[in-house]
Each structure stands twice: as structure tokens, then as C-alpha cells.
Amino acid sequence: MQQDPRTRTGVADGSGAVSRRSRQIQATVPFRLLVGFLRRRAAEEAGRRDQGVLDFTFGDPHELQMPAYVDALREAAVPEDESWFAYKQSEPAAQAAAAASLERVVPLGWRADHLRMTTGGFGALTVAMKAVADPGDEVVYSLPPWFLYEVLAVEAGLVPVKVQALQPGFDLDLDAIAAAITPRTRIVVVNTPNNPSGRIYPPAQLTALARILEDASARHGRRIWIVSDEPYNRIVFDGATFHSPSQFYRHTLLCYSYGKTLLAPGQRIGYLAVPSGLPEFVELMDAVDSLQVAGGWLFPNAVMQYAVPDLERLSIDVGVLQAKRDRLIGALREMGYDVASPEGTFYLWPRSPVADDEAFVASLERRGVLVMPGALFETPGWFRICLTATAESVEAAIPHFRAAIEEATRQPQPSR
Ligand code: PLP
């Protein structure tokens, strides 16, 4: 056999060194945009660190973590018995504390055994998708989405089916979702409060969605599941009430992350919760357990799990977040930006003053203000501002937002 010039192993596989799966992930538009964006941001930050770049991109902390959080982890790291750092699946104390806390937000009678602890919301989403869907099955979600749904779906061999949310307001387009359903549809992902729009879907929409999914499941003789991505379900403003899709549709897999409420996304922990009373409950939990092992031991580390009962008592200050929201929204509107007030999450989602959101984001970048273009969310013409930056950064950025819109509106515009 001739040597393959790429591998020099004598094995000509015709496809290079890496798997088709990894190439498919890298080929998705959101992944390519995200990687390009991260590289540019890193270069920008390195070049401007001394000049105080103002970073409003990711939901990362910009201040030292609250001491009670650090204390909880420190305490959890002290072994109490010889199996403290043994292989762990879901720790019963973590499950119990998380279930009790979830019950206060989504009162459905949660118990410890309804939950499996995961490596953040990411881990919960990937396990949820693989537990109910097989390669080739379709996953429906609304645009603008959190930018990694497509990547998770493709990694699982699933087919993403995208539906535009309604404008203005970014509500679910129920007719479009109904029209997108085929016999291969297995999952509809619902993200509320929504990243990036900040919308909390009201009960009437979730009731109507449930009816659509019950009908379609019966029509096709195959259950359609909701994967409810709700890491922001405690970050709501103005006393708004959050409603989980699981309160309206029994066949819902609820995914939660502690990365938002505690603003510590690097400490990976979250959970997948499955409502009781489902005929498929035992089978489904067995599927989740097996996928967490087979996926590469997808459990949060022991220390994070021991800390959960303490962490459940903590939260970032949503009032401070709301004050930053109000300050920036007020200033942006006064400058002429079209921006709705988010009901939850920690993002603003303004319309770009020029149709080319990437060009507008670049103009802010030149001024040292980093935000995310709508293109990353497959919704050109908008951009996202993350409010986890400090109040001082918000103040410092306001003149730059003003200069950018003044410059943009001086230039002749192509029609939208
Ligand atoms: N879902 C949404 C809507 C998100 O915004 C994020 C993080 O930004 C995640 C899931 C994943 O959360 P985590 O990184 O904490 O697992």
C-alpha cells in the first residue's frame, strides 16, 4: 500500500487526521463566527489592556467573586471522609438542595431523584438532547438563539431547524414553529428568559406551544420533547414572574446552570430536571445516567457538588444588574438607539443603527468598547451588550456609544 502523504501511516482514509464529527462542528456558522470573534477579542484586549478596554461581550465576572461563594468552595474542599474525592455521580445532598430551590421557582413537586447534576447548562443540554433524540432527528429553535444550540445539535448528529422569532418583541412565532414540525422533529428548544432578547415568554404562549406539540406528537405518533433552557430563570427584573415550559407541557427536560445566578461560569455545575409522573420517567433517567457516563463522566466535580446547599443561598445582586440596565437603556434611548427593556437575563439587545451590525460593532471596537454582533446570533442588524460589566464601565462606555451612533447616522445608509 502506498503511504498516505497526509498521515504517513500507510492508511489512506481520504479524510485527514480528524473525525467527520469534529469537522462538522467546526463548519457550523455559529462556531466559525464565535471562534473568529474570540480571536479578535483576545487580540483587541491584549493590545488595549493598558488603555482600559470596556468588555460587554460574554457573561463573565468583572469583579472579584463574592466572599461567601469562595468560602463555600473552600469549605467543600476539606475532606470529611476517605471517599470525599472518589468518583461521583450526582451527590444526593446537591440534588436535594437543588430540587428544593427549583420548587420555589417552578412549583411542580420536584424531589432529589428528579434531578441529575451536570457540568453546567451545557452538560444538561447535550445530555437532554441525546437522551431523547437519535442522529437524523430534528431540533427546532427560535432565532436569535444562544449561539451554541447548533453546535450541540450537530455534535449529537441532530438536524437544527431554525424559526425566526416575531418582531418586535421577539415572542415565539407559534405558527412558524407549527409549520416547521415534521415526522422527524423530536425536540423544540425553548429559552426563557431569553438570551439575547431578554423576553420572558408569557403563559398564553407556552400554553399554545404545548397544544401544538401535543397535537403534532399525536399526529406523527412520536413524542416531541421540549428542552427548556432556563439558566436565567432567577434573573428577572421589575418583579416579573418567570414561567417554565415544564409547567405547561409535561414532556419537558429542564436544563439549569449555576453559572448565571452566581456569575461563576468557570466553575461548571448545573442540572437536568425531569418532571415526575411521566410514563417514561424511569427509562429516561436511566438514559441520562448512561449518557453521563458514556459521554466521558459528565458530572460536576465533587467539590462543586458539596458546595451546592450553600451556593443555593447565594445570588448576584439582581437589583444592581437592573440599575445598570436602566442606566444604559435610558442613555441609549436618549441617543437614538432602538432598544427594548429586557424582562430578565443580563443582556441588552439593541438594533444596530446601521444595517451592517458587524461594521457597527467594529466601530465600537475601535473606540475600545466590545459588544457582540447580531450575526453571531444569526440575526444581522442587532447587537448584544452584556451587563455583567461594572457600573463604572457602563458610565465610561456611554460617550463611546454616543460617538458611534453619531458617526453612523452621519453616513449615508443603504436601505434595510
Ligand atoms: N443557555 C444559555 C441561553 C446561555 O446563555 C448559556 C451561557 O451563556 C448556557 C446555556 C450555558 O451555560 P453554562 O456555560 O453555565 O453551562
Side-chain angles (χ1 to χ4, degrees), residues 29-30 32-59 62 143-144 147 164-170 194-199 321 323-342 345-416:
V29 172
R32 276 193 285 122
L33 287 174
L34 185 66
V35 169
F37 180 81
L38 286 171
R39 286 201 185 120
R40 276 203 316 282
R41 187 183 77 140
E44 181 75 9
E45 279 186 336
R48 288 185 185 247
R49 190 157 292 137
D50 297 339
Q51 299 160 40
V53 89
L54 301 166
D55 186 349
F56 297 89
T57 55
F58 291 94
H62 289 242
L143 304 186
F147 35 74
Q164 289 289 344
L166 290 172
Q167 284 191 28
F170 294 98
N194 185 268
N195 170 10
S197 72
R199 183 80 172 113
L321 214 49
K324 285 189 275 186
R325 174 199 71 165
D326 293 343
R327 170 70 179 122
L328 196 49
I329 290 249
L332 292 174
R333 284 183 179 159
E334 182 264 320
M335 295 170 204
Y337 285 90
D338 173 6
V339 55
S341 191
T345 75
F346 35 57
Y347 307 107
L348 302 187
W349 179 240
R351 196 186 271 281
S352 165
V354 293
D356 184 347
D357 53 288
E358 292 187 269
F360 184 69
V361 166
S363 84
L364 281 168
E365 214 167 292
R366 284 194 295 279
R367 294 176 160 84
V369 176
L370 308 184
V371 298
M372 282 183 157
L376 253 179
F377 302 82
E378 298 173 75
T379 307
W382 300 77
F383 67 103
R384 191 187 80 170
I385 302 173
C386 182
L387 293 170
T388 60
T390 61
E392 292 73 30
S393 295
V394 169
E395 289 306 325
I398 285 174
H400 298 301
F401 281 114
R402 184 183 303 283
I405 194 172
E406 282 174 1
E407 181 188 87
T409 46
R410 270 200 305 274
Q411 287 163 6
Q413 294 297 303
S415 52
R416 269 192 217 278

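Bear in mind the structure is a predicted one, so any value in this text is a computation, not a measurement.
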Problem - Polar side-chain atom of D357 near backbone of S352 as donor-acceptor pair, under 3.5 Å - result: no
Fill in the blank from the handout: The reported gap from CZ in F56 to SG in C386 (rounded to nearest 0.5 angstrom) is 9.0 Å
Practice task
Decide yes or no for L370 and V53: does some side-chain heavy atom of the first lie under 4.5 Å from some side-chain heavy atom of the second?
Solution key: yes
Fill in the blank from the handout: Scanning both residues in full, the closest heavy-atom pair of T388 with H62 reads O-CD2, 3.4 Å
Exercise for the section: Supply the atom-to-atom distance F58 CZ to L34 CG, rounded to the nearest 0.5 angstrom. Expected result: 5.0 Å
Exercise for the section: Kindly give the heavy-atom pair with the smallest separation between P353 and F383, and that separation in Å. Expected result: CD-CE2, 4.4 Å
Practice task
Under the side chain to side chain contact (heavy atoms under 4.5 Å, CB included) rule, collect the residues that match up with Q164, sequence neighbours excluded.
Solution key: L143
Exercise for the section: Return the set of residues passing ring pair (Phe, Tyr, Trp, His ring centres under 6.0 Å) with F147 (not counting sequence neighbours), or none when no residue passes. Expected result: F377
Fill in the blank from the handout: Residues T345 and N194: closest non-hydrogen pair is CG2-O, 3.3 Å
Completion exercise
Nearest heavy-atom approach of P373 to F37 is CD-CE1, 3.7 Å
Problem - For R327 against V394, the heavy-atom pair lying closest together - result: CG-CG1, 4.2 Å
Completion exercise
d(I398 CD1, E334 CD) to nearest 0.5 Å is 9.5 Å
Practice task
Under the side chain to side chain contact (heavy atoms under 4.5 Å, CB included) rule, collect the residues that match up with S341, sequence neighbours excluded.
Solution key: R325, I329, R333
Handout entry: Counterpart residues, side chain to side chain contact (heavy atoms under 4.5 Å, CB included), relative to A340 (two or more places apart)
Key = none
Completion exercise
Scanning both residues in full, the closest heavy-atom pair of L33 with A375 reads CD1-O, 3.4 Å
Problem - Check: K324 side chain, A391 main-chain N or O, donor-acceptor pair, under 3.5 Å - result: no
Problem - F170 vs W382, ring pair (Phe, Tyr, Trp, His ring centres under 6.0 Å): CA-CA, chis, key distance, verdict - result: CA-CA 12 Å; F170 294 98; W382 300 77; 5.0 Å; yes
Problem - Test item: R199 and P342 side chains (from C-beta on) under 4.5 Å apart, heavy atoms - result: no
Practice task
Could you label the plane-to-plane angle of the F401 and Y337 rings as parallel, tilted or perpendicular, counting under 30° as parallel and over 60° as perpendicular?
Solution key: perpendicular
Problem - Residue pairs involving residues 380-389 (criterion salt bridge (charged side-chain N to carboxylate O under 4.0 Å, His left out); sequence neighbours excluded) - result: none
Exercise for the section: Could you tell me whether R402 and E407 make a salt bridge, using a distance below 4.0 angstrom between a side-chain N and a carboxylate O? Expected result: no
Practice task
Measure the shortest side-chain to side-chain distance between F360 and D356 over non-hydrogen atoms and say whether it is less than 4.5 angstrom.
Solution key: no
Problem - Candidate pair V361 and M372, rule side-chain contact (heavy atoms from CB on, under 4.5 Å), full reasoning - result: CA-CA 7 Å; V361 166; M372 282 183 157; over 6 Å; no
Practice task
Evaluate side-chain contact (heavy atoms from CB on, under 4.5 Å) for L332 paired with L348, printing each intermediate quantity in order.
Solution key: CA-CA 10 Å; L332 292 174; L348 302 187; 4.1 Å; yes
Completion exercise
Rounding to 0.5 Å, atoms CZ (R366) and NE2 (H400) come to a distance of 13.5 Å
Problem - Verdict with reasoning, V339 to R351, per side-chain contact (heavy atoms from CB on, under 4.5 Å) - result: CA-CA 6 Å; V339 55; R351 196 186 271 281; over 6 Å; no
Problem - Side-chain donor or acceptor of S393 paired with backbone N/O of A389 under 3.5 Å - result: no
Practice task
Tell me, please, which residues at least two apart from F346 pass ring pair (Phe, Tyr, Trp, His ring centres under 6.0 Å).
Solution key: Y232
